[in-house]
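Side chains included, hydrogens not; waters and symmetry mates left out as well; all remaining heavy atoms used. For reference, positions follow the sequence shown, starting with 1.
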Amino acid sequence: MPTYRVNYEHIGSKGDITVEVPTEATSGDQQQLDDAIARRVGERVLPHAELAFRHDDNRTLTEKLKKAYDLIIEGYERV
């Protein structure tokens, strides 16, 4: 699985985390990769992030994390 270093901000505190995403997410479109990274970061930083992910609306997973938990993914790079 490809590994990414992700910079994020959560409630005013900056951090970085290394996550692995499924290979199929890297071969899809950009939104698929963004969602896979957001899911992994949410699972690692917020144990209850799945509640936001399951909410049925038209927002991306990145937007859901920002709205529900004030977790903002600022950038990422493959390592």
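In terms of heavy atoms, Gly42 sits closest to Ala49 at O-CB, 3.5 Å. Between Tyr69 and Ala52, the closest heavy-atom pair is CE1-CB, 3.5 Å. Closest of all the heavy-atom pairs between Ser27 and Glu24 is OG-O, 3.0 Å. Heavy-atom minimum distance, Thr23 versus Pro2: OG1-CD, 3.6 Å.
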How far apart are the C-alpha atoms of Leu65 and Leu46, what are their side-chain angles, what is the distance that settles it, and do they pass the side-chain contact (heavy atoms from CB on, under 4.5 Å) test?
CA-CA 9 Å; Leu65 285 176; Leu46 305 163; 4.2 Å; yes
Should Glu74 and Tyr8 be marked as a side-chain contact (heavy atoms from CB on, under 4.5 Å) after you check the CA-CA gap, both sets of side-chain angles, and the distance that decides it?
CA-CA 5 Å; Glu74 296 179 332; Tyr8 67 91; 5.7 Å; no
Going through the distances and angles, do Val19 and Val6 end up as a side-chain contact (heavy atoms from CB on, under 4.5 Å)?
CA-CA 7 Å; Val19 295; Val6 182; 3.9 Å; yes
Checking side-chain contact (heavy atoms from CB on, under 4.5 Å) for the pair Arg40/Met1: CA distance, chi angles, key distance, verdict?
CA-CA 12 Å; Arg40 295 293 189 188; Met1 285 203 272; 4.1 Å; yes
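When each of Asp34, Asp70, Asp57 is tested with Lys64 by the rule salt bridge (Lys or Arg N to Asp or Glu O under 4.0 Å), just one qualifies, namely Asp57. Checked options Thr18, Val41, Ile17, Thr26; the residue passing with Tyr4 is Thr26 (criterion: side-chain contact (heavy atoms from CB on, under 4.5 Å)).
Taken to the nearest 0.5 Å, the CZ atom of Arg59 stands 11.5 Å off from the NZ atom of Lys66. Going from atom CD1 of Ile37 over to atom OG1 of Thr62 covers 8.5 Å, rounded to the nearest 0.5 Å. Taking OG1 of Thr3 as the start and CZ of Arg5 as the end, the distance is 10.0 Å to the nearest 0.5 Å. The line from NE2 of His10 to CD1 of Ile73 is 11.5 Å long, rounded to the nearest 0.5 Å. The line from CD of Glu20 to CZ of Arg44 is 9.0 Å long, rounded to the nearest 0.5 Å.
Looking at Thr60 and Asp35, their side chains come closer than 4.5 Å, going by heavy atoms from C-beta outward.
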